[in-house]
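First comes the structure, then the notes that go with it.
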Amino acid sequence: MALKLNLEKAAQALVLNLQKAGVHTPPELEVGIAMDVSKSFEDEHESGITTDLTTRLIPWGLAFDPDKKVDICSFSDGPDRVVDVGPITEQNYLGFMHNKVIGKVNGWNGNTDYSFFLEHYLRTFGWLPTVQKAGIVARFFGKKDKLVQGEKRKSLVIPITDGANADQARTLEVLRASQARGDQAFFLFLGVSNQRGSFPFLRQLDIEFRNVGFVAVDNLREFVGLSDDELNDRLISDKLIDWLKA
């Protein structure tokens, strides 16, 4: 049975937890989730536990996002397998994963890359330019595709993954370029595995980059069953607080 929450109450608890940590007025942020849909994560999706996890993260959109939503993309391997399926809101969260993601998105049961969803959100929130394709008529007259810079919006993205990625060098390249530009985008990775000590690459990213955090989730069912305060304590780090206050 899908998890039902008093989302407004959970959002109020998050704001209070942030205030106790020193963020007295939560800044306006775009909030996004990147959901791994690789083959190894299929059981968690089919069981409904990842649906419950996305539900527990909606209060972050209510607390930060001016439109009270959380953007969601699914990902596996390759640029064409990053699929924009959001937003998720108070109104549509029940059944969202089954209605929009599970068994439906391109890349379902694929492998795992990180760099392409990182670029997706950097473009979505204006930190990378998007490609505006010239139409057929415009091409006939010699016009070409052009890069368009969108509005830059401070953003928090929560990638959820259960396995190691195959594109570590490219992921480092994307994050190093983002840090060098000073992008106001923070990536808070949730690594879901019952094997303690896994995700060495994500731990490396957490150490190397100012705008990357990592939370290990050893028991996903237990994690989604935490109280609001307990869950927020797991997600709110000193590093994230410093970034929110900057």
Side-chain angles (χ1 to χ4, degrees), residues 29-41 70-86 105-133 144-193 195 197-217 235 237-240 242-244 246:
L29 297 176
E30 298 289 339
V31 180
I33 292 172
M35 179 63 74
D36 187 343
V37 293
S38 59
K39 175 64 177 176
S40 58
F41 218 13
V70 177
D71 293 289
I72 296 187
C73 77
S74 61
F75 71 92
S76 57
D77 52 321
D80 296 333
R81 293 185 162 198
V82 177
V83 181
D84 188 353
V85 295
V105 294
N106 185 29
W108 178 253
N109 281 349
N111 296 311
T112 306
D113 290 332
Y114 296 160
S115 62
F116 301 106
F117 76 72
L118 294 173
E119 289 180 322
H120 166 80
Y121 273 122
L122 290 170
R123 284 192 297 268
T124 298
F125 298 135
W127 303 107
L128 282 176
T130 58
V131 177
Q132 186 179 81
K133 292 187 175 296
K144 299 180 180 180
D145 298 346
K146 62 180 180 179
L147 293 176
V148 178
Q149 181 64 58
E151 178 189 358
K152 295 179 179 180
R153 292 165 288 167
K154 192 168 184 175
S155 44
L156 170 66
V157 176
I158 306 174
I160 300 164
T161 184
D162 80 319
N165 59 318
D167 64 336
Q168 293 187 4
R170 193 174 191 277
T171 296
L172 288 168
E173 181 180 308
V174 170
L175 288 171
R176 285 170 180 158
S178 178
Q179 182 164 269
R181 289 191 302 268
D183 297 346
Q184 286 293 298
F186 193 97
F187 296 96
L188 178 58
F189 281 84
L190 303 188
V192 179
S193 174
Q195 299 180 31
S198 56
F199 301 106
F201 182 65
L202 292 183
R203 296 177 192 276
Q204 174 190 343
L205 298 184
D206 185 18
I207 292 169
E208 180 171 343
F209 296 101
R210 295 187 302 271
N211 62 335
V212 176
F214 170 66
V215 175
V217 180
L235 296 176
S237 64
D238 291 342
K239 189 177 190 179
L240 178 59
D242 289 344
W243 181 83
L244 290 170

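Quantities reported herein were computed from a predicted structural model and do not represent experimental measurements.
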Nearest 0.5 Å, what's the CD1-OG distance between Ile33 and Ser74?
12.0 Å

When every non-hydrogen atom of Gly107 is compared with those of Arg81, the smallest separation belongs to CA-CD, 3.5 Å

Evaluate side chain to side chain contact (heavy atoms under 4.5 Å, CB included) for Phe116 paired with Arg170, printing each intermediate quantity in order.
CA-CA 9 Å; Phe116 301 106; Arg170 193 174 191 277; 3.3 Å; yes

Is the side chain of Trp127 donor-acceptor paired with the backbone N or O of Arg153 at a distance under 3.5 Å, no angle test?
yes

Side chain to side chain contact (heavy atoms under 4.5 Å, CB included) between Leu205 and Thr171: does it pass, once the steps are laid out?
CA-CA 9 Å; Leu205 298 184; Thr171 296; 4.3 Å; yes

Look up atom OG in Ser237 and atom CZ in Phe214, then write down how far apart they are to the nearest 0.5 Å.
12.5 Å

CG on Asp162 to NZ on Lys39, rounded to 0.5 Å:
12.0 Å

Taking atom CZ of Phe209 and atom CZ of Phe186, what is their separation to the nearest 0.5 Å?
12.5 Å

What is the minimum heavy-atom distance between Leu235 and Leu188, and which atoms define it?
O-CD2, 3.8 Å

If we ignore hydrogens and angles and just use 3.5 Å, is the side chain of Asn211 paired with the main-chain N or O of Ala185 as donor and acceptor?
yes

ring-ring contact (aromatic ring centres under 6.0 Å, His included) evaluation trace for Phe189 with Tyr114:
CA-CA 11 Å; Phe189 281 84; Tyr114 296 160; 5.5 Å; yes

Any side-chain heavy atom of Thr124 sitting closer than 4.5 Å to one from Glu30?
no

Nearest non-hydrogen partners of Asp113 and Asn165, listed with the distance:
CA-CB, 4.2 Å

Testing the basics here: between Asp84 and Ile72, what is the closest heavy-atom pair and its distance to 0.1 Å?
OD1-O, 3.4 Å

Can Ser38 and Asp36 be counted as having a side-chain donor-acceptor contact under 3.5 angstrom?
yes

To the nearest 0.5 angstrom, please state how far the CZ atom of Phe187 sits from the CD1 atom of Ile158.
12.0 Å

Below 4.5 Å, heavy atoms only, C-beta onward: do Leu244 and Leu156 meet side chain to side chain?
no

Member of Thr161, Val37, Asp167 meeting the side chain to side chain contact (heavy atoms under 4.5 Å, CB included) criterion with Thr112:
Thr161

If you count the non-hydrogen atoms of other residues, nucleotides and ligands that lie under 6.0 Å from CZ in Arg210, is the total more than 12?
no

Residue pair Phe201, Leu172: steps toward the side chain to side chain contact (heavy atoms under 4.5 Å, CB included) verdict:
CA-CA 10 Å; Phe201 182 65; Leu172 288 168; 4.0 Å; yes

Apply side chain to side chain contact (heavy atoms under 4.5 Å, CB included) to Ser155 and Tyr121, showing your working.
CA-CA 9 Å; Ser155 44; Tyr121 273 122; over 6 Å; no

Of the options Leu128, Leu118, Leu122, Val212, which is the one that meets Ser178 in a side chain to side chain contact (heavy atoms under 4.5 Å, CB included)?
Leu122

Can you find a pair of side-chain heavy atoms, one from Pro159 and one from Phe117, that are under 4.5 Å apart?
yes

